[in-house]
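Notes for the one structure printed next.
For the numbers below, each heavy atom of this structure counts, side chains included, while hydrogens, waters and symmetry mates do not. Per chain, numbering begins at 1; letters A, B, ... match sequence-line order. It should be emphasised that the depicted structure is a prediction, and the values quoted were computed from it without experimental measurement.
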Amino acid sequence: MSEEREMITGIEVPIYLKYHFTAGEATARFLSQVRQGKLVGQRCPSCNNVYLPPRGSCAACGVATTEEVEVADKCTVESFTIVYIPIPGNPIQPPYVIANLIPDGANISFIHLLSECDNDTVHRGQRVQAVWKPQEEWDYAMDNIRYFKPLDEPDVPSESIGKVPVTGWEV
Amino acid sequence: MANLAAVVGIGQTKYQTRRGDVSIAGLLREAAVKALEDAGLGFDDIDAVIIGKAPDMFEGVVMPEIYLTDALGANGKPMLRVHTAGSVGGSTALVAASHVQSGTFKRVLTVTFEKQSESNAMWALSSPHPFSPHLNAGAGGYFAPIIREYMRRSGAPYDVGIKVATKDRLHGARNPLAHLQLPDITMAKVEESPMLWDPIRFLESCPSSDGACAMVIADASLVSESPKPPAWIRGVAMRSEPTMYAGREEVSPQAGRDCAADVYAQAGITNPRKDFDCAEVYVPFSWYEPMWLENLGFAEEGKGWKLTMEGATSLDENGDIPWNCSGGVLSSNPIGASGMIRFAEAARQVRGDAGAHQVEGARTALGHAYGGGAQFFAMWVVSADKG
Amino acid sequence: MKDIAIVSFAQSDCVRNAGAKNEVELIMPVIKSALGAAGLSTAQDVDFTCSGSCDYQQGAAFAFVLGVDALGAVPPIKESHVEMDAAWALYEAILKIRMGHADSALVYGFGKSSPGELPTVLSQQLDPYYLAPLWVDTVSLAAMQARMMLDQGVMEEADMAAVVARSRRNALANNPHAQLKGEVAVEQLLAEETWVSPLRKHDCCPVSDGASAMVLCTVEKAREWGKPYAVISGIDHRIETHNLGARDLTRSVSTEQAAAVAGVSDGAIEVAEIYAPYSHQEIILTRALGLGSETVVNPSGGVLAGNLMMASGLSRIGEVAQRIINGDIKRGLAHATSGPCLQHNLVTVLEAA
Amino acid sequence: MSQPELLSQDFELGFTYTRSTGPVVGRFLTDLRDRIIVGIKGSDGKVYVPPMEYDPVTAEELSEFVEVGQSGEVVSWCWVKEPRDSHPSAVPFAWALIKLDGADVPMVHVLRASAESEVSTGMRVTARWAEETRGFITDIDGFVAAGDES
């Protein structure tokens, strides 16, 4: 055998597996209603907290959730970050704000984009509202909401975030 | 009552971006053989093998214990594979210890690893899945808002994270196994590095590494058969809570506080800052040092950042409670092994075997790991003293 | 060491496709049922919880993290997970109880295999340089194992069919959760065409979705709860080389080793629940476990009647435990397996108090 | 409560992994590229093909390579009537455990034959090489009945 032959030290191994995935009941119900332009969470029968998106259970109590509660597309900023790197597969250009938002009527936050805002003045307690895509583009996806934009409403005090009544925060 | 057990051997690979010279099995083997050599033992002396790693998608090998058994001398023995997200390295050490502490086995080998260069961390941690309702901006995108909330509550100055990032890299420069070797790092350099997820800058984030970490854990009756001093396992604890629930405290998760209280009670720790000589704590983003200082009771709520800024956690500033003398996760991060590296480095300290990053006279140390959305915790207390 | 007892067990139906049931929706009913049978309500009522699952079944990382949502883990609980069949989660829980860090534990396993092509997914368990890139599937490997046994005359095709016929018959008689059940004659089975020759489709376990759960505790705790229980008198597991060519595939050495440590031969085995995904493997395992005609093998039908991948091993243990709890038998064994051609095997011996 | 819609979608979990081989696997694949098959000697002298990195009995690191023949004997096999998409053959084929001449331990690979009736345990087979070899396990396109390799 030749001494100077080039040794193999690495190989490329393509591993592509096909799946047919079916969303869980709670997710399916949620996304079906998002397709209609509605945000519908589920209330825990034990602790009364409203989960959005619903997962079919209250993770805290470990009980199934079935009661549906429509919540507003107005939210309060619970926390946020300004991101300077692109999201794989997402066209949004950095820097952009992603925030944990608690919709009026729910007790838990979900992550979404914030836009039409001054990145430097985004803050906890800030009021925001969904900017939906045109109805004809709605699909089974949260990005039916293009992003959230600031509302001209007073801030929710820090200690009340996630605890305001179902009807939403009104001054 | 648990049987007394100790770490009698530790082996680690060099951590680096890509270990292109070894197979997956070869990577684990290297750490395993070093741990056995450190313990003065061979594969025949081992009763059971326990491995751990983060998601199988990193290497694309499903349930890899099946393929790794030959490399780890596990044939004819029990072999177990643990997976508890980012805390897995710590959890694996605890599961391995339980094989001995339960009185079931006398001596076990435990190995954790990740060969992240085989794929891409961002992909492996969040491979696209249909109907996933969440926007995915990576681990930094998840943790940055929580860090901002910590900053808001504590009123910490903006440069606390910068200080941690600098300190841990200076520690790492003392550790020849550390992935990042940045002996000339300064706070200015960290501050100038690109912002990724405000307030997390590039240099305030952990790297992506290949590497493996192994330990031999032995029953007290066999400890003297290994030549080097043992690290006695004085407390073990794990806690989990759900990723999301209404009213969850994300800045200082209860699972972390409960886990610490449990492990401290077992080890007789009443004042962690005084009772520990050092700690190896899972800090993948710089700001998690002050956050965990508070969560783990080393500082009062809202005051953790002061310890950091005073240099209390710095070996180079002769701090009274050095954290992550090995350089920590900020210097080396083979995800599935990162937790065990914390546990092993804590053990190295109390064995007096930590080389240039040794804390003089260290007798008792904390090893800590967390994972998921800061919801899975694993901790142990090791000591030079049998207790 | 403390004696450990199993006080309850629950399993979902084995279904080919659980459709719109996610992890939580699969897990929650069996957990509630197992806890309920032990007089408990949430994971808060036990000292430790451990689960088994595999991310690749559904193709999403961290499946087990979602599983935690089914537990009611607030305040936080002591919890762990193995990326293995839940029989190994049970093993971890037993160590925890033996070391005195828990007096009771909840163990569960879940699997939703329907989204993927399971034998192909499992081909990626194999050596990543020599075997996985060939995409040799687990059915084919098992078929070569069966051929070896036929060639060596250690069994005949009719023996394989007899295993299947008994599985279907037992499932019909005893197992409301079974996916495949019924009266079928050996001749009928042998008349079917081969699929991956020498295996016929019926020689291979079906692919099923579902979950199972179990509550175990110290014997003292079981008495305190006032619940009937089965004692785990022995448990052990062993793995063997991954090189199929280096193993005698007609035997299961690791099962023999585990059976010896677990003390299978210390008394008569009335019932054995064996995790044999292929009919011929039941023959290998029955021999490795040293079982004779006095033992009823797989009264549930075994996994040929329904295979909850990642929960099937735990279910085998549960099936035997339940028979002891019900007072039907005094001593039995359960077996779990992992890897191609029975590479890794776990044996549990269960006895009445 | 309205009936839930069933939401289903196909998706592919895929990545092209970049594996480093280490010296043992690398040597085997390098030789495959050069149309040579090597095994490795175990602690007890048994020749393993493909070469194992570590002895399955003693766990010792192995390093003594042995070139083996390109023909051998079928130790066991199965016939795949309905190849899966992932399989290395679109038409029915066999998987086989093949003990190459000079090896003690059989290896798993593809056995190509036009019908199940042409395959039998103990038959002699020979490696047929891929048109282009690159250092991958599929450089051996498959085995065929001895005499049919061209």
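C:Glu25 and A:Gly24 make their closest contact through OE1-CA, 3.7 Å (heavy atoms, listed as atom of the first residue, atom of the second, distance). In terms of heavy-atom proximity, A:Val13 sits nearest to C:Pro133 at CG1-CG, 4.4 Å. Taking each heavy atom of A:Pro14 and C:Trp135 in turn, the nearest pair found is O-CZ2, 3.7 Å. Closest approach of C:Val121 to A:Leu17, counting heavy atoms only: CA-CD2, 4.3 Å.
Here the straight-line distance linking atom CG of C:Asp69 with atom OH of A:Tyr51 works out to 8.5 Å at 0.5 Å rounding. How far CZ of A:Arg55 is from CD of C:Glu23: 9.5 Å, rounded to the nearest 0.5 Å. The OG1 atom of A:Thr22 sits 11.0 Å away from the CG atom of C:Asn22 when rounded to the nearest 0.5 Å.
Formation of a donor-acceptor pair under 3.5 Å by the A:Tyr19 side chain with backbone atoms of C:Tyr56 is found in this model. With hydrogens and angles disregarded, no donor-acceptor distance shorter than 3.5 Å links the side chain of A:Ser57 to the backbone of C:Ala70.
Residue A:Ile15 touches chain C through both its backbone and its side chain, counting heavy-atom pairs closer than 4.5 Å. Within the 4.5 angstrom heavy-atom criterion, only side-chain atoms of C:Gln124, from C-beta onward, approach chain A. C:Val24 touches chain A through its side chain: at least one heavy atom from C-beta onward sits under 4.5 Å away, while N, CA, C and O do not. Only the backbone of A:Ala23 comes within contact range of chain C, with heavy atoms under 4.5 Å apart.
More than 12 heavy atoms of other residues, nucleotides or ligands lie within 6.0 Å of CD in A:Glu137, so this atom counts as buried by the packing criterion. Remark: A:Lys149 NZ is loosely packed, at most 12 non-hydrogen atoms of other residues, nucleotides or ligands lying under 6.0 Å away.
The greatest number of non-hydrogen atom pairs below 4.5 Å with chain A, out of C:Ala18, C:Ala73, C:Gly19, is found for C:Gly19.
A salt bridge links A:Glu25 with C:Lys21; the closest basic N to acidic carboxylate O contact falls under 4.0 Å.
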